[in-house]
Amino acid sequence: MSIIKMTDLNLKDKKILIRADLNIPMKEKNIISDEKIKAFIPTINIALKKEAKIIITSHLGRPIEGKYNNELSLKPIVYYLQKIFKNKKIILIKNYLEKIKIKIKENELIILENVRFNIGEKKDDEKLAKKYASLCDIFVMDAFASIHRCHASTYGISKFAKISCAGPLLLKELNSLNKALKKPKRPMIAIVGGSKVSTKFNVLNSLAKIADSVIVGGGIANTFIAIDNKIGKSLYEPEFIETAKHLKEKYSFIIPTDCYVGTEFSETAISTYKKINEILDEEEIMDIGDKTINKIKRLINKANTILWNGPVGVFEFKNFRKGTKEIAYSIAKNKAFSIAGGGDTLSAINIFNIKEKISYISTGGGAFLELIEGKELPVISILKNKQNNLKKILL
Ligand code: 3PG
């Protein structure tokens, strides 16, 4: 069953409410990375071309529901968009739940304030979802990075809006992931690192079934290394050692054989080369070693599909970024279809300046991982059901 696409609908003079994911990293009200906004701009342009009356909303951060928090207001996004859409008046509406209708003039573009200020947003309160739905003729779900969240502004509204469809960014993300996961050009390798160990073990299981080799780094690799070695103060998840053992026996995992350690978690810690069976109690693994790097580079060079989620070392510290940097440059040089997702991976891609060389960069973190796990996400199911409703409306 297919999903209704925003691009297929006649939007002329229709009030469309687009749920975007503009949950961007901020520091003291300044935008640290505008990647998500940039990825969403084509959706606005298409809707403008189709002469829609546009309302946009998003969440930002994790505020307490029912409490306005100036730090997490969408104001900086309004300013950002105003600079891009100079001939439009971008209006931020705070009290939209009190309104029966939102009036939009020809030259206006409306932003509804952070949906997570609303009581019931995260619990998918039915009343709230119906309220959102009543504000538009057509609901456009374009928040790929929130596709795994069953909230009132994602799931509930999709159910109650007369017409609910998928936005261009959402479809682009789903298609790219589909391309990488369903019919990957082989050999396919997956590189999974980072510090969120427990959330990623389920993904490893699914990935191991799809990829020809799974390369592990960071806290995940340490959990594998800890099966047979002492790993000192390194980050790992003891309760996942049994799972790691099972995965290692069953599938092809590439586990580091050497590494760089430090005795303190700091930018200035001295980096010492070690084989993985030489780690002392006071040491912690902070990066992969040169033999491991070379092995991974050989695999990258042979690969035709590369999926990357998570750095393999503490790349934020100059002394411990060699592994992640070498991997990033190797992926950039390779002609394979490469797809990368997750916050830390995106920062690494920015630091090493290889953005143009990655075939597809996903805006999703958790959403990216849950789709890799092969989960059918509820918001997508609702959008598929809405296809039938549309037929009824049009008949
Ligand atoms: C993300 O940044 O991964 C999405 O915006 C989802 O944010 P959340 O984890 O706060 O729901």
Side-chain angles (χ1 to χ4, degrees), residues 18-27 30-41 43 56-67 69 71-77 80-81 111-125 128-129 132 140-158 166-167 169-174 176-177 192-200 202-203 307-311 339-350 360-373 375 377-380 382:
I18 312 176
R19 170 60 158 101
D21 187 315
L22 303 173
N23 183 30
I24 44 170
M26 307 273 298
K27 202 172 177 192
N30 291 316
I31 297 173
I32 306 286
S33 159
D34 58 359
E35 295 303 326
K36 279 186 176 175
I37 316 181
K38 278 196 198 144
F40 174 60
I41 284 171
T43 302
I56 298 164
T57 198
S58 173
H59 73 283
L60 180 62
R62 293 176 173 175
I64 299 167
E65 288 186 3
K67 238 179 151 185
N69 177 347
E71 299 281 306
L72 295 175
S73 161
L74 297 186
K75 273 182 225 159
I77 290 162
Y80 184 104
L81 290 176
I111 311 279
L112 305 183
E113 186 54 287
N114 192 343
V115 285
R116 288 199 182 160
F117 291 160
N118 301 329
I119 295 174
E121 165 62 18
K122 285 200 281 189
K123 280 204 176 123
D124 184 25
D125 178 76
L128 181 63
Y132 292 146
V140 181
M141 177 60 185
D142 205 35
F144 171 77
S146 297
I147 198 78
H148 57 317
R149 301 284 181 228
C150 274
H151 295 174
S153 69
T154 55
Y155 180 78
I157 184 173
S158 302
L169 176 62
L170 171 62
L171 290 171
K172 189 173 156 196
E173 294 264 17
L174 292 176
S176 302
L177 258 182
V192 187
S195 52
K196 291 177 187 162
V197 185
S198 50
T199 48
K200 291 194 184 173
N202 292 331
V203 184
L307 193 144
W308 183 21
N309 179 272
I339 180 161
D344 287 343
T345 317
L346 299 198
S347 324
I349 286 171
N350 278 333
Y360 191 73
I361 298 179
S362 175
T363 55
F368 180 79
L369 292 177
E370 289 203 20
L371 277 160
I372 292 174
E373 268 182 76
K375 285 187 183 163
L377 303 176
V379 179
I380 294 181
I382 286 287

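Counting starts at 1 for both ligands and their atoms, following the listed order.
Within 4.0 Å of ligand 1, contacts by protein heavy atoms are made from D21, N23, K36, H59, R62, R116, A145, R149.
Residues forming a salt bridge (charged side-chain N to carboxylate O under 4.0 Å, His left out) with K36 (at least two apart in sequence, or on another chain): D21. Here Y155 pairs with nothing under the ring-ring contact (aromatic ring centres under 6.0 Å, His included) rule; sequence neighbours left out. E35 meets the salt bridge (charged side-chain N to carboxylate O under 4.0 Å, His left out) test with K355; sequence neighbours excluded.
Annotation for K38: atom NZ counts as buried by contact number, over 12 foreign heavy atoms lying within 6.0 Å.
With N309 contributing its side chain and V192 its backbone, the two residues share no donor-acceptor pair below 3.5 Å. The main-chain N or O of G310 is found under 3.5 Å from a side-chain atom of T345 such that the two form a donor-acceptor pair.
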